[in-house]
Amino acid sequence: MRSGAPTAPARLDRPPRAELGDYSTNLPLLLAGSIGDSPRAVAERLGALLSERLGADLERVEVAGPGFLNLFMAATWWRRAAGDTLKAGASFGAGGAQPPERMLLEFVSANPTGPLTVASGRHAAYGDSLARILGFHGHAVEGEYYVNDQGGQIDRFAESIRARARGEEPPEDGYKGAYVIELARRIEGADELELDELARLGVASMVEEIQATLDRAHVSHERFFSERSLHESGALDRTLGLLEERGALYRHEHALWLRTSAYGDDKDRVLRRSNGELTYFASDIAYHEEKRARGFDRLIDVLGADHHGYVRRMLAAWQALGGDPERFELVIMQLVNLLERGQRVQMSKRGGEFVTLDELIEDIGVDAVRFFLVQRSHETTLDLDLALARAQSQDNPVYYVQYAHARIASILRNAGAERVREALDANLTRSSGDLHPSELGLLKRLLELPAEVAVAAERRAPHRIAAYAHEAAQDFSAFYRDCRVVGAAEDGGDEIFRIALCVHAGRVIATALELLGVSAPEQM
RNA sequence: GCCCCCGUAGCUCAGCGGAUCAGAGCGAGGGACUUCUAAUCCCUAGGUCGCAGGUUCGAAUCCUGCCGGGGGCGCCA
């Protein structure tokens, strides 16, 4: 667009109230400026044009407010839309990514020094749902878990296991949770193994547990990537060499520094300490260089709020490696505050006092956990009162959505396979007559799925799908209340059309739940 | 000191690439089960969208400042 053209995007919206039309556009408002005519006049002209073009599909247009154009579609248009989308089957809403990309999504990556906490659970629920949404939208997504299986914390972890194996208390800065005792018991000869070997075994055991927990949470990663392997494969040395070649390194007071400040960081960062040890940051850079070499179109890291200070330096390092900053996203997840009857529950792996993801799943069920943890935007702190979550398990929104799905299944069972098949094959535009407002409301909602998926994918916002699923369930409930399906003729409805609508609604709700990793039961 | 997130109905929060955006759920009060699942549905909330400026024909939505809450700022990971 040339200068003088509107800068705001033209939109086709669904007005907040049905009386305002089926669709509305702000186009006249945007065009008025460059055309040099009043918005309402532009709206009049555009409306006339649309009426001509759309013919019988358009019932009428109205110019409203400062210059909106509200469109009222005819019943036949809706019937055709229903028929068309029904043909798309379970893939309705899929695809559309512009352009489709190969993505690597790193999420959870919790230290293998203890069980996953509820905070990790939020990362898991978010990351896994995001991966599903991005994939459904047409991207090729791989999920990855970075295992920090080396470094000072792992040493302390090993020391803690050994102490427990010897019946002693863990060191002051060690891991004091009861699970370490269990771990010590499970590892044979833990009291006299070399620390390095003990660390290896302890981490392996912990990673296994973490994987089992993730399985229970229906969260999957394509790959677990070991930090240690970067050292062993020489990847770390190669990365340092690369940075050296690019002139990004320098030595100062016996330490090796990366010039991250050249790429927007506040100050430079140490890669090799004066005592000769490499920092965590150094391996992380090697890890990202490794990811880069694998040739993805885009990397997304999901990090905890406590890592936000890390974002700038990681991006700087990425650029120092020659990476395109547009192709590397760092998503910061805000915290989960766990409350128990209003009391804050402390979450520290070393302190050993925390609520695990396993416990939460045990408490309220996987479906509720998944739904709860992605219900709120990842950018906002999530307060989760455990007592409340337990008590609410009956009124939990997830049950509401699942119930709608089960109810649809029940109706379709009632209608019988024969009628359902008939509905799927029927030409829905054959019958005429107006749609019931609740039929229309539901249909409109179902037609929004592709747009909702697109927004959720583009903004990395799974919570939108949770909200959408709930809205779809609400609209179905209204439809159920007002419109008899089996035996619709009794109140003047079209049974075939309504069965088709049920099939469609069931698929859409199932799709939304699937994107959240929540089951869609046939009966409850 | 610097950085991040938040401040919207009693509570938990959506909305925040501006206009038709003042919403949902829960809680509370009152109704509805000879009806395809009552794990449901219907009615009842009048909240200065933290405060003050600014940009705009138009701001909860963008900008600035301030107040309040949470978190982070290591040659830890």
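Naming: A, B, ... by sequence-line order, numbering from 1 per chain.
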Using a heavy-atom cut-off of under 4.0 Å over every strand shown, decide if [X] touches base, sugar-phosphate, or nothing.
| X | answer |
| --- | --- |
| A:R484 | base |
| A:N396 | nothing |
| A:R459 | base |

(message) For a quick check under 3.5 Å, do A:S261 and A:R269 share a side-chain donor-acceptor pair by atom type?
(response) no

(message) Looking only at the side chains, is there a donor atom on one of A:D367 and A:Q402 sitting less than 3.5 Å from an acceptor on the other?
(response) yes

Checking contacts here: which listed nucleotide ([options]) is nearest the side-chain heavy atoms of [X]?
| X | options | result |
| --- | --- | --- |
| A:R407 | B:rU40, B:rA77, B:rC36 | B:rU40 |
| A:L29 | B:rC36, B:rA19, B:rC13 | B:rA19 |
| A:N414 | B:rA77, B:rC36, B:rG74 | B:rC36 |
| A:Y480 | B:rA14, B:rA38, B:rA77 | B:rA38 |

How far does the [atom1] atom of [N] sit from the matching atom of [M], given to the nearest Å?
| N | M | atom1 | value |
| --- | --- | --- | --- |
| B:rU64 | B:rU55 | C1' | 11 Å |
| B:rG1 | B:rA19 | C1' | 41 Å |
| B:rC57 | B:rA52 | C1' | 23 Å |
| B:rG50 | B:rC6 | P | 12 Å |
| B:rA9 | B:rU48 | C1' | 13 Å |
| B:rA24 | B:rG71 | C1' | 28 Å |

Does [X] put a side-chain nitrogen or oxygen below 4.0 Å from OP1 or OP2 of [N]?
| X | N | value |
| --- | --- | --- |
| A:Y400 | B:rC41 | yes |
| A:R273 | B:rA77 | yes |
| A:H463 | B:rG15 | yes |
| A:Q474 | B:rU40 | no |
| A:R464 | B:rG15 | yes |

Show the distances under 3.5 angstrom between N or O atoms of the protein and N or O atoms of nucleotides 4-6 of chain B.
| from | atom 1 | to | atom 2 | distance (Å) |
| --- | --- | --- | --- | --- |
| B:rC4 | O4' | A:H308 | NE2 | 3.2 |
| B:rC5 | O4' | A:Q334 | NE2 | 3.4 |
| B:rC5 | O3' | A:E379 | O | 3.2 |
| B:rC5 | O2' | A:E379 | O | 2.7 |

Between [atom2] on [N] and [atom1] on [X], what's the gap in Å once rounded to a whole number?
| X | N | atom1 | atom2 | value |
| --- | --- | --- | --- | --- |
| A:Q402 | B:rG25 | CD | P | 18 Å |
| A:L382 | B:rG71 | CG | C1' | 15 Å |
| A:H470 | B:rU12 | NE2 | P | 19 Å |

(request) Compare every heavy atom of A:L58 with every heavy atom of A:L71, then report the nearest pair and how far apart it is. (result) CB-CD1, 4.0 Å

What do you reckon, are the aromatic ring centroids of [X] and [Y] less than 6.0 Å apart?
| X | Y | value |
| --- | --- | --- |
| A:Y126 | A:H378 | yes |
| A:Y146 | A:Y287 | yes |
| A:F479 | A:H436 | no |

(message) Run through RNA chain B and report every stem of 3 or more consecutive Watson-Crick or G-U pairs, distances under 3.5 Å, ordered by first number.
(response)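 RNA chain B stems, ordered by first number: B:1-7 with B:67-73, B:10-13 with B:23-26, B:28-32 with B:40-44, B:50-54 with B:62-66.
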
(request) Taking atom CD of A:E232 as the centre, report whether more than 12 heavy atoms of other residues, nucleotides or ligands fall under 6.0 Å from it. (result)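 Enclosed: over 12 neighbouring heavy atoms sit under 6.0 Å from CD of A:E232.
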
(message) Checking one value: the base orientation of B:rC57, syn if chi is within 90 degrees of 0, otherwise anti.
(response) anti

(request) Nearest-nucleotide wise, let me know which of A:Y399 and A:D268 is further upstream toward the 5' end of RNA chain B. (result) A:Y399

(message) Go nucleotide by nucleotide along RNA chain B from the 5' end; which of A:D306 and A:H252 gets its closest nucleotide reached first?
(response)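 Going by which nucleotide is closer to the 5' end, it is A:D306.
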
(request) Kindly determine whether A:Y310 and A:D284 satisfy side-chain hydrogen bond (donor to acceptor under 3.5 Å, both in side chains), including the steps that lead there. (result) CA-CA 11 Å; A:Y310 201 69; A:D284 215 8; 3.2 Å; yes

(request) Might you work through the side-chain hydrogen bond (donor to acceptor under 3.5 Å, both in side chains) test for A:H231 and A:Q150, ending with a clear yes or no? (result) CA-CA 9 Å; A:H231 290 76; A:Q150 188 166 65; 2.6 Å; yes

